[in-house]
J.: 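Questions regarding the structure given below will be posed in turn.
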Amino acid sequence: MYILMTSILFTLVVSMLVMMVASLLSKKMVIDREKSSPFECGFDPKGSARLPFSLRFFLVAVIFLIFDVEITLLMPLAYILMLTNIFTWLCAGLGFLLILLVGLYYEWSKGALEWME
């Protein structure tokens with residue numbers, strides 16, 4: 001019991017010491033006005049907040065996120081190949097890929113994937 005208490009105390013002391021040293025080393029020594037200003041997406045933080053935003057960039061980003069999530073939903077298909085019937089696995093995989101391809105064709109036909117007009 002004594003060894004357990006001393007090891008816990010030693011761990012706490014060492015971790016507190018490491019946190020204090022890291023806190024002291026990470027302090028900014030020189031305060032610069034430009035470095036302390038917020039920076040987001042390349043926009044000037046001191047300028048107008050009512051600048052027009054490219055809707056096409058937003059649509060491409062949303063399409064990327066949707067297809068990225070759908071690809072991650074395809075990953076378990078490789079894992080369940082050994083656990084299920086091959087016909088069921090094939091139907092589920094092809095059905096999911098068909099939905100993906102129909103969505104891609106729809107986005108393509110609406111012109112959402114065209115970056116330059």
Side-chain angles (χ1 to χ4, degrees):
M1 185 68 164
Y2 177 72
I3 295 174
L4 179 66
M5 294 301 282
T6 53
S7 64
I8 290 174
L9 184 64
F10 180 73
T11 305
L12 287 175
V13 167
V14 169
S15 62
M16 293 293 265
L17 185 66
V18 167
M19 284 190 284
M20 281 192 265
V21 168
S23 174
L24 288 175
L25 290 177
S26 69
K27 296 274 188 202
K28 284 188 191 178
M29 297 302 167
V30 178
I31 298 192
D32 188 15
R33 179 178 172 212
E34 194 65 34
K35 283 187 178 181
S36 56
S37 69
F39 180 79
E40 289 187 30
C41 304
F43 296 118
D44 184 23
K46 310 259 189 294
S48 174
R50 300 288 180 199
L51 293 175
F53 184 72
S54 172
L55 188 61
R56 186 159 311 274
F57 176 76
F58 176 73
L59 284 175
V60 169
V62 168
I63 290 169
F64 171 75
L65 287 175
I66 288 171
F67 282 104
D68 193 40
V69 167
E70 289 174 349
I71 292 299
T72 58
L73 291 175
L74 275 174
M75 290 300 203
L77 277 177
Y79 178 71
I80 65 168
L81 178 61
M82 299 298 191
L83 303 174
T84 62
N85 183 355
I86 190 71
F87 181 72
T88 307
W89 181 82
L90 195 61
C91 286
L94 287 178
F96 195 78
L97 284 175
L98 182 68
I99 292 170
L100 269 176
L101 288 175
V102 167
L104 179 64
Y105 176 72
Y106 178 75
E107 294 293 333
W108 195 355
S109 67
K110 291 295 181 184
L113 299 178
E114 297 292 328
W115 187 257
M116 298 183 69
E117 297 179 24

J.: Would you list the atom pairs, donor with acceptor, under 3.5 Å between side chains in residues 10-17 and any protein atom, with sequence neighbours excluded?
T.:
| unit_1 | atom_1 | unit_2 | atom_2 | d |
| --- | --- | --- | --- | --- |
| Thr11 | OG1 | Ser7 | O | 2.7 |
| Ser15 | OG | Thr11 | O | 3.0 |
| Ser15 | OG | Leu12 | O | 2.9 |

J.: Nearest 0.5 Å please: distance from the CE atom of Met20 over to the CG atom of Leu24.
T.: 8.5 Å
J.: When clusters are formed by joining ILVMFWY residues with side-chain heavy atoms under 4.5 Å apart, either directly or through shared neighbours, do Leu90 and Leu74 land in the same one?
T.: yes
J.: Please output the side-chain donor-acceptor pairs of residues 81-89 that fall under 3.5 Å, not counting sequence neighbours, one pair per line with the distance.
T.:
| unit_1 | atom_1 | unit_2 | atom_2 | d |
| --- | --- | --- | --- | --- |
| Thr84 | OG1 | Ile80 | O | 3.1 |
| Asn85 | OD1 | Phe87 | N | 3.3 |
| Trp89 | NE1 | Leu77 | O | 2.6 |

J.: Test of understanding: with side-chain contact (heavy atoms from CB on, under 4.5 Å), list the residues that count as partners of Ile66, not counting sequence neighbours.
T.: Val62, Glu70
J.: Is there a chain of hydrophobic side chains (I, L, V, M, F, W, Y, each step under 4.5 Å between heavy atoms) that links Leu73 to Leu97?
T.: yes
J.: Are Ile71 and Leu94 grouped together when hydrophobic residues (ILVMFWY) are joined by side-chain heavy atoms under 4.5 angstrom apart?
T.: yes
J.: Please say yes or no: joined through hydrophobic side-chain contacts below 4.5 Å, possibly via intermediate residues, are Phe64 and Trp108 part of one cluster?
T.: no
